[in-house]
Amino acid sequence: MLLAQRRTCSSARTCEEAVIMWCDGYRRADGDGDGIPCETVCRSRRQVDEIRRAIGC
């Protein structure tokens, strides 16, 4: 299954996967609007920001 087809946080196994989904348009990943998608796999804004920089999002 392509990552772009996984459109739920429960399908994200890593924070990087969650950030990629979020950057690709899955806005529900950050339901509370705090800048941290899929909080079950992403623990901090810093972690998310580092991944975003690394992948160019």
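- For the side-chain hydrogen bond (donor to acceptor under 3.5 Å, both in side chains) with Glu50, the lone residue among Arg53, Arg52, Arg46 that qualifies is Arg46.
- The distance from the SG atom of Cys23 to the CD atom of Glu16 is 10.5 Å, given to the nearest 0.5 Å.
- No single ILVMFWY cluster, assembled from side-chain heavy atoms under 4.5 Å apart, contains both Val41 and Ile55.
- With 2.5 angstrom as the limit on SG-SG distance, Cys15 and Cys42 come in below it.
- Put simply, SG on Cys57 and CG on Asp24 are 8.0 Å apart, with the number rounded to the nearest 0.5 Å.
- Across all non-hydrogen atoms, the minimal contact from Cys9 to Ala29 is SG-CA, 3.8 Å.
- Atom CE of residue Met21 and atom OG1 of residue Thr8 lie 6.5 Å apart, to the nearest 0.5 angstrom.
- Trp22 approaches Pro37 most closely through the heavy-atom pair CE3-CG, 3.6 Å.
- For residues 34-45, every residue pair satisfying the side chain to side chain donor-acceptor pair (under 3.5 Å) rule, not counting sequence neighbours, is listed here: Arg45-Asp49.
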